[in-house]
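Just below is one structure, and these are the notes that go with it.
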Amino acid sequence: MVKTSQRVLQYELPLDIKRDCSGGFVAVCTIWPACYAEGETIDEAVLEVTAVAQSLIELYTEEGLTIPLKRGKERSLLDQPFMIPVFVSA
């Protein structure tokens, strides 16, 4: 089997999560106003804003724009284990 390398870029996404007056929650990136999402639960709002961030990062990269997030270390998916955060409401 041929082993190919898949790069993973990690970014820090600082969020402000508030209860929405119409119900549910709103998650807004504190340093990237274009990055926000709503959800019926905190979990859903975080999942949605993560998807928005991924889409924005891809778009900004394609357009040659500066991504206003702190970038972590570049990693490979295949060379070593890596950690991903999992958030759930307590």
Side-chain angles (χ1 to χ4, degrees):
M1 177 161 77
V2 176
K3 188 175 181 181
T4 61
S5 179
Q6 298 290 323
R7 294 182 328 146
V8 175
L9 303 177
Q10 178 180 333
Y11 292 90
E12 293 181 12
L13 186 63
L15 296 177
D16 185 18
I17 301 173
K18 295 190 176 173
R19 190 174 297 277
D20 190 22
C21 61
S22 62
F25 296 88
V26 177
V28 179
C29 179
T30 59
I31 60 173
W32 201 357
C35 187
Y36 62 92
E38 298 177 341
E40 289 186 27
T41 65
I42 292 173
D43 298 344
E44 187 177 309
V46 169
L47 284 172
E48 292 295 327
V49 77
T50 301
V52 169
Q54 290 169 332
S55 295
L56 285 170
I57 289 167
E58 289 176 11
L59 175 66
Y60 275 48
T61 300
E62 289 171 5
E63 297 294 324
L65 301 171
T66 301
I67 298 166
L69 301 176
K70 184 177 178 184
R71 185 169 152 186
K73 208 165 83 169
E74 184 174 323
R75 311 257 334 238
S76 171
L77 284 173
L78 301 176
D79 295 337
Q80 57 191 344
F82 64 98
M83 302 292 288
I84 59 169
V86 177
F87 300 97
V88 295
S89 298

Minimum side-chain heavy-atom gap I57-L69 below 4.5 Å: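 Counting from C-beta outward, I57 and L69 do come under 4.5 Å.
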If you measure from [atom1] on [X] to [atom2] on [Y], what distance do you get to the nearest 0.5 Å?
X	Y	atom1	atom2	answer
I42	L47	CD1	CG	12.0 Å
K70	Q10	NZ	CD	10.5 Å
D43	I17	CG	CD1	9.0 Å
L56	Y36	CG	OH	10.0 Å

- request: Looking only at non-hydrogen atoms, find the nearest pair between E44 and G39 and report the distance.
  value: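 Shortest heavy-atom contact: OE2-CA, 3.5 Å.
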query: If you take all heavy atoms of E48 and E38, which pair is closest and at what distance?
result: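 Distance-wise, the nearest heavy atoms are CG-O, 3.7 Å.
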field: Residues which pass side chain to side chain contact (heavy atoms under 4.5 Å, CB included) with E63, listed by chain and number, not counting sequence neighbours
entry: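 Side chain to side chain contact (heavy atoms under 4.5 Å, CB included) check on E63 returns L59, L65.
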Indicate every side-chain donor-acceptor pair of residues 21-35 with a distance under 3.5 Å to a residue at least two apart or in another chain.
residue : atom : partner : partner atom : Å
S22     : OG   : D20     : OD2          : 2.8
W32     : NE1  : Y60     : OH           : 3.3

